Every structure is written in C-alpha cells, then in structure tokens.
Amino acid sequence: MTQSFDALIIGAGQAGPPLAGRLTAAGMTVALIERHLFGGTCVNTGCTPTKTLVASAYAAHLAHRAADYGVVISGAIAVDMAQVKARVNAVVANSRSGQEAWLGSMERLTVFRGQARFESANTLRVGDELLTAPQIFINVGGRARVPKMPGIEKIDYLTNTSMLALDSLPRHLVIVGGSYIGLEFAQIYRRFGAAVTVVEKGPRLVSREDEDISTAIRDVLEAEGVQVRTGAECIAFAPHADGASVHLDCTDGEPEVIGSHVLLAVGRQPNTDDLGLDRAGIAIDEHGYITVDDQLRTSVPGIWALGDCNGRGAFTHTAYNDFEIVAANLLDGEARRVSDRIPAYALYTDPPLGRVGMTEAQARATGRPLLMGTRPMTRVGRAIEKGESQGLIKIVADAGTQRIFGAAILGVGGDEAIHGLIDIMTADQPYTTLQRAVPIHPTVSELLPTVVGEMQPLSPT
Ligand SMILES: Cc1cc2nc3c(=O)[nH]c(=O)nc-3n(C[C@H](O)[C@H](O)[C@H](O)COP(=O)(O)OP(=O)(O)OC[C@H]3O[C@@H](n4cnc5c(N)ncnc54)[C@H](O)[C@@H]3O)c2cc1C
Ligand SMILES: NC(=O)c1ccc[n+]([C@@H]2O[C@H](COP(=O)([O-])OP(=O)(O)OC[C@H]3O[C@@H](n4cnc5c(N)ncnc54)[C@H](O)[C@@H]3O)[C@@H](O)[C@H]2O)c1
C-alpha cells in the first residue's frame, strides 16, 4: 500500500530533523526515513565522539605538563582506554537519544526505519512500504572514502567509524591522510600514549590552509612526538606480523612504516550510490554529489538535497545552514542562498585552528589591494598566562573596502575567538568597527582590534 504525505525526508542527520520540525509545525504531514543511527555522522561517528576524545586527550596532556604549572602528581599518569571509550559512548548515547525522543514526540511526523530508495520522482520505497509526497528532501550524508590503493584489501584498516570501537591503545597507529580527521586522531592517540605516524601524499599537512599555518600545525604535532611523512606519493600496504606495513615513497625517511593499526582518513564520499537517484532523474556530479542550485534545489522540481550529500559544505554547521536556507525559502517567503554563506570551520587539534573566509593565498588571487596583520600567540597575554602560547593570529583585509577577507586563529581558544570576525564579516562592516569595540581582558579576542590596527599593505609576490 502506498502512504501519502506532504513531505518526505531521507536521513536523520543535521538538516533532516530540524526541517521535520519546521514542516510539521507549519501543519504538514511528514515522513522521515533513517536507515541507521539518529543524529547521523556528527553525533555518532564524527564531531561528538571525536571532540569528546579530544577532551580526554587534553586532560592526559595537561597531566603530563602538570609540573609546568607547579602541580605535583605523584605516581604514574595512565590513560584507561576503556574508561575513555565509556565516556565517549555516554556522551554520544545522550545526544542520540535526545534526538530520537524529539523526533518521537513530533506531531504529524511518522518515522520509518530502513533504507529509502527512489521509485520515481515522488515515491520512495522503504522495505515493503511505498511513500509518496510532492516534496522530498535528501539529507543522506556521507561515509569514509576507501580508494583503491595497492594492498588495501589485504590488511585490516580502520576508518573514523571503526576507530571508535577501539578500547585499547594501538602500539603504533599509522594514519593515512593529513587533514581534519587524520590530524585530530593523530594528536588524540599520541596524547593517549601510542606511537603515531601521519602519512600524507601531498607536500604538506592540511593543504587547504596557507603554508605558514600548515607548518605551525606540523610543528605542534611533531613537538608532541607525532611522526609526519609528507610527499608519500606511492603508498602500498601489506600484512605484517606486527600488523601492517605501509610502503611509502617519500622524499626522505624510511621507505616503510610498520603499524599495529592503520587508519584511513583520505576524505569522504556521499551516500548517493544506493538511493535510486536515476529512477527519479536526479543529477549528480562525477564524485556522486547531488547537483543543487543556490537554493539547494536538485535538477528535479520538488526535490532538494541538504548537507554533505550536495557537496556544498562538509560540516555540521553547513548542513544545519542548508536546513535554514530551505526552511526560510519554503516557509518564510525569504530568498536565502548558499552563496551568501561565509565559509568558517575549526580544526580541533590543540591548539585549535579557527578559520573564516579566504586564506591569504585566496585573497591574493582576487588581485585586490590587501592589508594583512599577524601576531604570534607568544604575544597574547591570555595564552601566556595559560601556558599555551603556540600558534598565531592572521587577518587579511581588502585595503579599499576595509572588509575582512579572511582570518586564521591557530591558538588556544581560536575556535571561539574566530567568531568575532565571523560576526563582523556577516554584518558586512569594515574592520575599523572592531577597533571601536571594548573587548574583555584577558582574552584572545582582545587582540583582534590590535591585529587589524597593525595591518600592513601586502606586497604582491
Ligand atoms: C571524524 C569526523 C569528525 C567530524 N568533526 C566535525 C566537527 O568537529 N565539526 C563539524 O562541523 N563537522 C565535523 N564533521 C563533519 C560532520 O559530521 C558532517 O558534516 C555532518 O554530519 C553532515 O551532516 P549531514 O546531515 O549532511 O549527514 P549525516 O550526519 O551523515 O546524516 C545522514 C543520515 O542519513 C542516513 N541515510 C543515508 N542514506 C540513507 C538512506 N538511503 N535511507 C535512509 N537513511 C539514510 C544516515 O544513516 C545518516 O544518519 C566530522 C566528520 C567526521 C567523519
Ligand atoms: N573539525 C572539523 O570540523 C572536522 C573534523 C573532521 C572531519 N571533518 C569533515 O570531514 C571531512 C573529511 O575529512 P578528511 O580529513 O578525511 O578528508 P580531507 O578531504 O579533508 O583530507 C584528506 C587528506 O588525505 C590526503 N590523501 C588523499 N588520498 C591520499 C592517499 N592515497 N594517501 C595519502 N594521503 C591521501 C589528502 O591529500 C588530504 O590531505 C572534511 O572535509 C571535514 O568537512 C571536519
């Protein structure tokens, strides 16, 4: 039997549930289909568990540094990995069950458990059920990409999902991929006491960032004992008595690393391959991302794609912003667009990297006259007082319009302090407005007016 609704939502990740809330509140009947865990990637295998692990790793790190603060710990410092995992599981379970309870209590919402597939442009199949609606919202997210790499099928590799099942310390964790996922896990497990090697095929870590930022992050990780191997262009795997061997073709260093565990962190791929998109005629790009316009409409009228699966963002806040855009356009008579979004994100190494807008390289590529200000965290009082003065602040602005183009705050509290700049960019105000504010002392944010006040013309190179 076919059941009819006003709208269907596929996926209970970051955009689907709040959209269900808005649509049902507007009086619509909605079916939401989830095949696995409520909360999707962020809650279950992404942000929430990893940032909970970051907190445990920070505690371990600080315990080892206790003497720097005049604190005496008598006896050995140990990490109980089973306890660490139990803490993660509790935080995740709490978040997931909150999400599930919220959806369960939503009037006019029917939740289906199972894999949704398109039968046509207005009908989905979920097991034996056929669901139909004039509007369909796709929020299917993504999963770890496992590229064809020589020997990969012969070893037991881990992904961000299976990493979370570990409740003992790897002897030597080899991480393939030196970007967000790889670097967060690298520092976490190094601080827990594992030997860690990061193998990155590119010439530097987090290559989307400017070179000075990449270098500063590498310095932080290496100072803690993480081995970094960049330029690893010819990676191959083979089973080994101690786990797995990873053959490298790096410009320097040993040509082989033996790891007890191998984590693949080489990017994500959208969950669009088993959705029956072709039966609805929904266009995808060459990587499987659903093609959308500036208002997140797919190539088929009445069908939208939100979150990681549309390739327009890869973060929880961008997925949530997709929900806000679609809801505003459909229900509030607004005309919000993805292209109005100022890119911002954080990398949760310690210290974290807070980022907004363009990198210096991207700003230079505009050809506009630029101003740039930088300040090492060794000249930020709050960082010195906390004994955490690694990193730097860097702000680039348009010399003509006085608008900030972008900024990076790699330093203690950088993930929070960056919001002062996100806000002024969103308000479309000149950087001089920042200099009228009276920031609180002592904070990292209080140095932002100083950095913009000291900006100098950037010579073209
Ligand atoms: C290790 C890691 C750490 C991360 N840390 C951060 C961070 O600190 N900050 C940040 O902003 N982002 C972070 N991210 C990224 C963030 O998790 C994602 O951007 C976000 O979860 C995307 O949300 P989404 O709603 O698009 O998809 P998801 O959260 O992936 O949700 C999609 C849902 O759809 C369901 N689904 C898929 N196909 C079907 C189908 N056919 N039928 C029914 N249901 C289906 C899935 O089961 C899933 O529940 C991290 C990611 C990883 C992997
Ligand atoms: N703090 C956060 O917000 C956060 C944290 C983790 C993940 N995420 C999200 O998850 C997404 C995926 O993260 P990711 O780190 O897996 O992917 P990524 O796409 O950011 O980086 C993949 C890295 O792997 C390298 N690589 C690719 N193929 C390789 C190979 N064969 N051998 C060695 N290195 C190789 C790339 O050069 C790149 O540095 C991110 O785009 C981000 O949106 C966000």
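Everything numeric here is computed off the predicted structure, so don't read it as measured data. Numbering of ligands and ligand atoms starts at 1, following listing order.
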Return a yes/no value for [X]: is any of its N or O atoms, backbone included, closer than 3.5 angstrom to an N or O of ligand 1?
X: Asp308; result: yes
X: Thr50; result: no
X: Glu34; result: yes

| field | Spacing of Tyr189 atom OH and Glu184 atom CD [to the nearest 0.5 Å] | value |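 Answer for the OH-CD pair, Tyr189 versus Glu184, is 13.0 Å.
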| query | Would one find an N or O of Val176, backbone or side chain, under 3.5 Å from an N or O of ligand 2? | reply | no
| request: Decide whether an N or O pair under 3.5 Å exists between Gly267 and ligand 2. | output: yes
| query | Between Tyr180 and Tyr345, is the ring centre distance below 6.0 Å? | reply | yes
Numbered atoms and elements of ligand 1 in range of [X], under 4.0 angstrom, heavy atoms:
X: Gly142; value: 30 (O)
X: Lys51; value: 5 (N), 6 (C), 7 (C), 8 (O)
X: Thr45; value: 1 (C)

| request: Going by heavy-atom distance to atom 34 (N) of ligand 2, choose the closest among Arg204, Lys201, Arg145. | output: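 Shortest heavy-atom distance from atom 34 (N) of ligand 2: Lys201.
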| query | Just going by heavy-atom distances, which of Ala319, Pro18, Gly13, Cys47 is nearest to atom 13 (C) of ligand 1? | reply | Cys47
| Among protein heavy atoms, which lies nearest atom 29 (C) of ligand 2, and at what distance? | Val266 CG1, 3.5 Å
| request: Please verify whether a non-hydrogen atom of Gly114 lies at under 4.0 Å from ligand 1. | output: yes
| Out of curiosity, is Arg268 lining ligand 1, as in a heavy atom under 4.0 Å away? |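 So Arg268 counts as touching ligand 1.
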| For ligand 2, which part of Ser207 has a heavy atom less than 4.0 Å away: the side chain, the backbone, both, or neither? | neither
